[in-house]
Amino acid sequence: MAEEFLRQVYAETEPGVPLPERLRQVRAEIDRVGTYTHTTHELVFGTRVAWRNSARCIGRLYWQSLQVRDLRHLHDPADIAQESVGHLRAATRGGKIRSTMTVFAPDAPGRPGPRIRNDQLVRYAGHRNPDGTVTGDPGQADFTDHVVAMGWPRPQPAGRFDVLPLLITGPDGRSRLFDVPPDAVHEVPLRHPEHPWFARLGLRWHSVPAISNMPLEIGGVVYPAAPFNGWYLDTEVGARNLADTDRYDLLPEIAKRLGLDTRSVRTMWRDRAMVELVRAVTYSFDADGVTMADHHSEAERFMTFLAKEEAAGRRCPADWSWIVPPMSGSQTPVFHRYYDEPDPELRPAFLEPHGLRPRDDQG
């Protein structure tokens, strides 16, 4: 696996050390300690190609601009938490979001790397109520229960946008909780360009979508903690996070405020409410100067990426159900074609997310 990766590095870039010499170094290190250490050049190339290979991402046109924070010397959960917060600050830049990845210590023989159990560095808690409803994000209700059981003090009163703590597992298998400082979480209050009542709903969303529980594999080396972010797509927030029935489920409330007839789905009230919700999200991010892509422009850019990959003689695996936006799909060019099937063996790559383990406990 190392050799295959190194041959790719040398095929696409020009490292300073000749390939035969580098292969000898890597083989000798593997023979000696059971693994090997990527050079900075190899690490940066590997992270960027993992993004290029990500079949579910529509924003891959920018893969070469990914900023990489090389923190492979860090293992301790407290250090991982501190630099995860540092990641948020480095990526946010006052709203001019920068695609960023922070790479922490890899797995090694006899010493696993650290793991971040949150699916994103910023997520809102889901607080279960006695009547079965959830205040906040229902998609995070199980995780919220888990960290509360570990000792996280549930905010009083429970809010709809309470930022969850980071849950980080160290090399010893013990997990610890760390609060995310409020000043590291850049948020956008949501309002509508035409309806003043929208602002009074008190909605907001965080600016940086930093995925944090997907291990990164490069040349046989697994980095279990490698949080990364691009920037939000308008429909990701407006048509999914805030609209899905198992998330914030806001479409009935928006439709009511708009005065729509909700007695039958045939009135298209859900569709009309969704359009206005996505409009509000896009307008708010734009008004605050926070980077956000729209689904029409990003679909066009994906087609540009696809053409570049084909011109380079590379396959471009894509998961159609993720590439096509959840609103107005047929009005975008990505809808009207098929793609190379995702290849689970393709590397470098982001692997399936970590799950919570029953034995996670606060150390």
Side-chain angles (χ1 to χ4, degrees), residues 1-13 15 26 35-72 74 80 83-84 87 90-91 97-108 112-116 118-121 208-231 233 298 301-302 305-306 308-310 312-319 322-323 339-354:
M1 296 174 76
E3 181 172 345
E4 181 179 356
F5 169 65
L6 289 172
R7 292 192 182 282
Q8 183 179 11
V9 173
Y10 280 77
E12 296 191 35
T13 68
V26 169
T35 186
Y36 69 105
T37 303
H38 290 123
T39 65
T40 299
H41 177 82
E42 291 163 1
L43 179 72
V44 172
F45 175 80
T47 61
R48 290 174 175 173
V49 173
W51 185 11
R52 187 177 79 191
N53 289 340
S54 184
R56 292 179 171 182
C57 180
I58 195 175
R60 286 179 273 169
L61 178 63
Y62 320 103
W63 66 274
Q64 290 174 301
S65 66
L66 179 67
Q67 300 297 303
V68 181
R69 303 172 74 234
D70 183 357
L71 298 178
R72 287 176 286 172
L74 297 182
I80 306 305
E83 288 300 337
S84 293
H87 177 114
I97 311 302
R98 172 180 287 170
S99 298
T100 304
M101 178 180 292
T102 299
V103 183
F104 295 113
D107 285 339
R115 282 156 170 75
I116 302 171
N118 310 61
D119 60 3
Q120 291 193 22
L121 294 181
V208 179
I211 306 298
S212 52
N213 68 343
M214 296 182 72
L216 169 69
E217 182 177 329
I218 301 173
V221 178
V222 175
Y223 299 93
F228 64 94
N229 71 275
W231 45 80
L233 193 65
E298 207 59 51
R301 291 172 188 142
F302 182 77
F305 166 75
L306 189 66
K308 287 178 176 288
E309 290 301 288
E310 291 174 345
R314 292 190 290 261
R315 295 177 66 254
C316 183
D319 186 329
W322 281 71
I323 297 300
Y339 303 94
D340 292 328
E341 287 293 320
D343 180 0
E345 302 303 318
L346 188 63
R347 298 291 186 273
F350 301 109
L351 307 182
E352 286 301 306
H354 305 302

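Nearest approach of P342 to P344, heavy atoms of both residues: O-CD, 3.5 Å. Here the closest non-hydrogen pair linking Q120 and P209 is OE1-CA, 3.5 Å. Here the closest non-hydrogen pair linking A50 and A349 is CB-N, 3.8 Å. Residues R315 and D343 come closest through the heavy atom pair NH1-CB, 4.3 Å. The two residues D319 and R56 have their closest heavy-atom pair at OD2-NE, 3.9 Å. Across all non-hydrogen atoms, the minimal contact from G220 to M1 is CA-CE, 3.7 Å.
Here the side chain of T35 pairs no donor or acceptor atom with the backbone of A108 at under 3.5 angstrom. Distance alone, capped at 3.5 Å, places no donor-acceptor pair between the D107 side chain and the P112 backbone. Of the possible polar contacts, one joining the N229 side chain to the R98 backbone as a donor-acceptor pair under 3.5 Å is found. D340 contributes a side-chain N or O that, together with a main-chain N or O of C316, makes up a donor-acceptor pair within less than 3.5 Å.
Counting only heavy atoms from C-beta outward, the side chains of Y339 and P317 never approach each other to under 4.5 Å. Residues L216 and F228 are not in side-chain contact: their nearest non-hydrogen atoms beyond the backbone lie 4.5 Å or more apart. R69 has its side chain within reach of T100: a pair of non-hydrogen atoms, C-beta onward, lies under 4.5 Å apart. Proximity of Q8 to P348: side-chain heavy atoms (C-beta onward) are separated by under 4.5 Å at one or more points. Considering only heavy atoms from C-beta on, M101 stays 4.5 Å or farther from I211 through its side chain. Here the side chains of P114 and I116 are not in contact, with every heavy-atom distance at 4.5 Å or above.
For the atom pair F305 CZ and Y62 OH, the distance stands at 11.5 Å (nearest 0.5 Å). In this structure, CG on L66 lies 6.5 Å from OG on S99, to the nearest 0.5 angstrom. E83 CD to L74 CG: the interatomic distance, rounded to the nearest 0.5 Å, is 6.0 Å. In this structure, W322 CH2 and I58 CD1 are separated by 12.5 Å, a value rounded to the nearest 0.5 Å. The NE2 atom of H87 lies 11.0 Å from the CD atom of Q67; values are rounded to the nearest 0.5 Å. Here the CG atom belonging to N213 is positioned 9.5 Å from the CD atom belonging to E352, to the nearest 0.5 angstrom.
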Evaluation steps, side chain to side chain contact (heavy atoms under 4.5 Å, CB included), between T40 and R72
CA-CA 10 Å; T40 299; R72 287 176 286 172; 4.2 Å; yes
Report the C-alpha distance between W63 and E309 in whole Å, list the side-chain angles of each, state the deciding distance to 0.1 Å, and finish with yes or no for side chain to side chain contact (heavy atoms under 4.5 Å, CB included).
CA-CA 12 Å; W63 66 274; E309 290 301 288; 4.2 Å; yes
Check the pair N53, R314 against side chain to side chain contact (heavy atoms under 4.5 Å, CB included), reporting the backbone distance first and the verdict last.
CA-CA 10 Å; N53 289 340; R314 292 190 290 261; over 6 Å; no
Checking Y223 against L43 for the side chain to side chain contact (heavy atoms under 4.5 Å, CB included) test, could you report, in this order, the C-alpha distance in whole Å, the side-chain angles of both residues, the deciding distance, and whether it holds?
CA-CA 11 Å; Y223 299 93; L43 179 72; 3.8 Å; yes
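For F45, there are no ring-ring contact (aromatic ring centres under 6.0 Å, His included) partners at least two apart in sequence or on another chain. For the ring-ring contact (aromatic ring centres under 6.0 Å, His included) test, no residue two or more places apart in sequence or in another chain qualifies with Y10.
Within the structure, salt bridge (Lys or Arg N to Asp or Glu O under 4.0 Å) contacts touching residues 209-220 (residues at least two apart or in different chains) are E217-R347.
A salt bridge links E298 to R301: at least one charged side-chain nitrogen sits closer than 4.0 Å to a carboxylate oxygen. For the pair E12 and R48, the salt-bridge criterion is not met [side-chain N within less than 4.0 Å of a carboxylate O].
F5 and H38 have perpendicular rings, their planes meeting at more than 60° on a 0 to 90° scale where under 30° would count as parallel.
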